[in-house]
Amino acid sequence: MIPAWLWLLCFSIPQVTLETGDGKVLWGPQPVIVHVKDENDQVPQFSQAIYRVQLSQGTKPGVPFFFLEASDADAPGTANSDLRFHILSQSPAQPSSDMFQLEPQQGALALSPEGSTSLDHALEGPYQLLVQVKDMGDQASGHQATATIEISIVQNTWVSLEPIHLAENLKVLYPHPIAQVHWSGGNVHYHLESQPPGPFDVDAEGKLYVTMELDREAQAEFLLLVRAQNSHGEDYAQPLEFRVVVTDENDNAPVCPQRGPSISIPELSPPGTEVTQLLAEDADAPGSPNSHVVYQLLSPEPKEGAEGKAFELDPASGSVTLGPALLQAGQHILLQVLAIDLAGAEEGLSSLCEVAIVITDINNHAPEFTTSQIGPVSLPEDVEPGTVVTTLMATDADLDPAFRLMEFAIESGDKEGIFALDWEPDSGHVQLKLHKNLSYEAAPYHKVVVVVQNVEELVGPGPGPEATATVTVLVEKVMPPPKLDQESYEASVPISTPAGSLLLTIQPSEPMNRTLRFSLVNDSKGWLCIEEVSGEVHTAQSLQGAQPGDTYTVLVEAQDTDEPRLSTSAALVVHFLNAPPAPALTLAPMPARYLCTPRQDYGVVVSGLSEDPDLASVPGPYNFALGPNPTVQRDWRLQPLNGSHAYLTLALHWVEPGEHEVPVVVSRNVQTWQLLVQVIVCRCNVEGECMRKVGHMKGMPTKLMAMGTLLGTLAAIGFFLILIFTHLALARKKDLDQPADSMPLKVAV
Ligand SMILES: *[C@@H]1O[C@H](CO)[C@@H](O)[C@H](O)[C@H]1NC(C)=O
Ligand SMILES: *[C@@H]1O[C@H](CO)[C@@H](O)[C@H](O)[C@H]1NC(C)=O
Ligand SMILES: *[C@@H]1O[C@H](CO)[C@@H](O)[C@H](O)[C@H]1NC(C)=O
Ligand SMILES: *[C@@H]1O[C@H](CO)[C@@H](O)[C@H](O)[C@H]1NC(C)=O
């Protein structure tokens, strides 16, 4: 401690002046700094002589529960004021003499480990501690003072609490006290921690508060840690832990599951088939009525008259199954289910859940033909392959286009593959087509059985009889129309030709295994007639009104006798001639020929070739016809051989033997002339030849005899001829229209 005068000296800064006796200043004034040295002349002092302190059981050893305070008036920072604390004595010294420890520099009083252990077992005390404070630091010397600390031991009230149940959404004034903790020792500061951080607080008295409404759904439980600490923030004991449980209130309605895409249920699914399970979530406390959700089916309601419901709902599980009522493919249903918490109680919260359901089609319908019997369809056997025989139609009652796709097959009746089927993949039409040529001979009719089936596999009973259709096809025989040996026919006749003269014979082109019936279509003049079966064309009457040089065209029709539809026609052009032309007279005589009777199978070749240059130069084929004399026509037959020759045979079985002159009308283009073919008919011998013995007959004599006979005969004939020609010339002049058969033009020798 510095004395007061020195204080004055120090702070009224002294000045030094050197002056003479008469007061004359010799030096100065100069300021003088005086350093005063502290001396440990002051004694440390406790703030109180007696301290009264409460110590709680359970205080951890080493944690200071009391801090001594003492002061020293000596200069701070010097050893003179460097204080040290010591426990001088403890009373009672039970159960240990070292119950406490005192930190020498700070004066912090704490329980020693022994003290802590023994205090936990029994409530001892109170204790009196005599404590000393001394200056001069750790030196042995120095001033000192003493004080007494009375320590009363109090029971430990630092006990854990039961969990606190706090209702969520509590409507009270906040902060709202919820609990109280108490550290019975003195000098306590409370500190609170919440895990997770929550709206909790503790005040200086150890009262715990909740500062705002809680939401169980946000945080259902908190762990609170409350610490009792000394002024240095050190825990006296383990922190108290206790749980805050937020109790539930039914403040959450069930939440329906997200409405997803429609649930597909195949049609005809059996009752009991699981459709869906609704799981409405309720955020309220699990296991409590607040989250006990039950379900109630609102829609669809059972239809009137329907047998039972379409859907069944289990109220507890929310499982939806199919009921006994039938649902139809393609139906769209919106299922409405009420989810109610509080187990469905009236005050429960609810939500309307919706589930879309669509009934999908299954392939339970087989395709069926609209007609099971088709035809008979008549087809000519010459129709071309590819021709559509018939079109069959099939339908399928399924909805799904994939279940309506059909395929067709020929099941039977077409072993040869004559028919084929053709269809568009997505249509119910199938065409039965011809694939190969039909043949009436091979099969006059066909019964083709066509089946239809789905491309997709059929569900349920198999296809019925309607999946089969029978097409009956009748094959019509086709015969080619008859064909004649010429495309058109020509004949030349003198206008004097009498009725009944054969003009020509119309013949089929080749021998056919069918008979023809011939007729004339437009013989408007009625001049001609045709033999219905043989095809021989004759004059029907005298050609009254025909002019020489004219032509007359008649259409000849040939019909198949069995199939009158089949016919052909050809034009027959008849050239009318004036009279047998004169040049015919100039023709060389035909040598006589021999034929024997009864008729043999040989004849006489007649040549149309002429040496007359006028006639030979005419172009075209030769036509031959027997002269118009009916007897000649009856007895003889003339058949064309080739373009220039014809063949003359006996027409009757028996012709009177003797010399015959057979008139043959030859025509070529518009030229016509007549030949008289001399034929000697004799009796046949056994070889079918003329008999030799007929010597006196102008038959087949020996060569010499024949020569003589011939010469004689020639002379006679020559004479005859002269007579005839003379007569003819005269007659010609008289009547040009005289019938040809009465006009022997020429006698062949
Ligand atoms: C089918 O008939 C046509 C004419 O009728 C004929 O040209 C064709 O060769 C025939 N085809 C077969 C394979 O017989
Ligand atoms: C002609 O046809 C008939 C039946 O139509 C038949 O009996 C006969 O054998 C056939 N003849 C010939 C040569 O084809
Ligand atoms: C008969 O018919 C054919 C072909 O139509 C024709 O050329 C001819 O002039 C007709 N004949 C008569 C006499 O009408
Ligand atoms: C026609 O037949 C006769 C007799 O057989 C023959 O001499 C003549 O050469 C034949 N003419 C033609 C053009 O074939």
Side-chain angles (χ1 to χ4, degrees), residues 217 250-367 395-405 454-463:
E217 285 71 46
N250 190 23
D251 57 347
N252 286 284
V255 176
C256 294
Q258 193 93 39
R259 186 171 153 187
S262 292
I263 296 170
S264 299
I265 301 293
E267 63 170 332
L268 300 183
S269 295
T273 302
E274 166 110 27
V275 175
T276 183
Q277 184 166 19
L278 278 167
L279 272 181
E281 303 220 330
D282 193 305
D284 287 321
S288 76
N290 294 344
S291 64
H292 184 182
V293 180
V294 297
Y295 303 89
Q296 190 182 331
L297 184 65
L298 294 188
S299 162
E301 294 187 331
K303 287 216 186 80
E304 288 207 11
E307 302 170 29
K309 301 180 201 164
F311 295 95
E312 307 268 13
L313 172 72
D314 178 23
S317 67
S319 160
V320 180
T321 52
L322 286 183
L326 266 187
L327 290 166
Q328 303 211 318
Q331 234 180 310
H332 287 263
I333 300 148
L334 186 65
L335 216 60
Q336 291 187 314
V337 174
L338 200 60
I340 317 160
D341 64 12
L342 291 185
E346 214 167 297
E347 61 275 22
L349 301 174
S350 64
S351 295
L352 184 64
C353 304
E354 293 185 329
V355 179
I357 293 168
V358 60
I359 307 300
T360 56
D361 193 25
I362 61 168
N363 190 16
N364 59 327
H365 290 105
T395 56
D396 190 306
D398 283 315
L399 287 181
D400 191 327
F403 299 150
R404 297 163 64 97
L405 289 185
N454 275 137
V455 175
E456 293 287 322
E457 202 182 334
L458 190 66
V459 179

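Being a predicted model, the structure only gives us computed values, none of them experimental. By convention here, the first residue in the shown sequence is residue 1.
Annotation: the span from Ile362 atom CD1 to Ser269 atom OG amounts to 7.0 Å, rounded to 0.5 Å. Rounding to the nearest 0.5 Å gives a distance of 9.0 Å between CG of Asn363 and CD of Glu457. If you take CG on Asp361 and CD on Gln331, they are separated by 12.5 Å, rounding to the nearest 0.5 Å. The structure places CD1 of Ile265 at 9.0 Å from CD of Glu274, a figure rounded to the nearest 0.5 Å. Atom-to-atom distance recorded for Asp341:CG and Asp284:CG is 6.5 Å, nearest 0.5 angstrom.
Within 6.0 Å of atom CD in Glu281, 12 or fewer heavy atoms from other residues, nucleotides or ligands are found, so the atom counts as exposed in its surroundings.
Under the side-chain contact (heavy atoms from CB on, under 4.5 Å) rule, Val275 has a single partner from Ile333, Val320, Leu313, which is Val320. With Val337 as the partner, the side-chain contact (heavy atoms from CB on, under 4.5 Å) test is satisfied by one option alone out of Leu352, Leu297, Val355: Leu297.
Side-chain N/O atoms of Asn252 and Asp282 include no donor and acceptor closer than 3.5 Å. Side-chain contact check for His365 and Asp396: no donor-acceptor pair (N or O, by modelled atom type) lies under 3.5 Å.
The heavy-atom pair separating Ala329 from Leu399 by the smallest distance is O-CD1, 3.2 Å. Here the closest heavy-atom approach between residue Cys256 and residue Ser351 is recorded as SG-CB, 3.8 Å. Nearest heavy atom pair, residue Ala345 against residue Ile340, reads O-CG2, 4.0 Å. The two atoms that bring Pro254 and Ala280 nearest to each other are CB-CB, 3.9 Å, heavy atoms only. Taking each heavy atom of Asn454 and Pro367 in turn, the nearest pair found is OD1-CD, 3.3 Å. Scanning all heavy atoms of the two residues, the minimum distance from Glu267 to Asn364 falls at OE2-OD1, 3.1 Å.
Residues Pro300 and Leu335 are in side-chain contact: their nearest non-hydrogen atoms beyond the backbone lie under 4.5 Å apart.
In this structure, the side chain of Asp314 does not engage the main chain of Ser319 through any donor-acceptor pair within 3.5 Å. Formation of a donor-acceptor pair under 3.5 Å by the Asp398 side chain with backbone atoms of Arg404 is not found in this model. Using modelled atom types, no side-chain atom of Glu354 and backbone atom of Arg259 make a donor-acceptor pair closer than 3.5 Å.
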Leu349/Leu342 under side-chain contact (heavy atoms from CB on, under 4.5 Å): CA gap, chis, key distance, verdict | CA-CA 7 Å; Leu349 301 174; Leu342 291 185; over 6 Å; no
What's the verdict on side-chain contact (heavy atoms from CB on, under 4.5 Å) for Phe311 and Leu322, showing C-alpha distance, side-chain angles and the deciding distance?
-> CA-CA 5 Å; Phe311 295 95; Leu322 286 183; 3.7 Å; yes
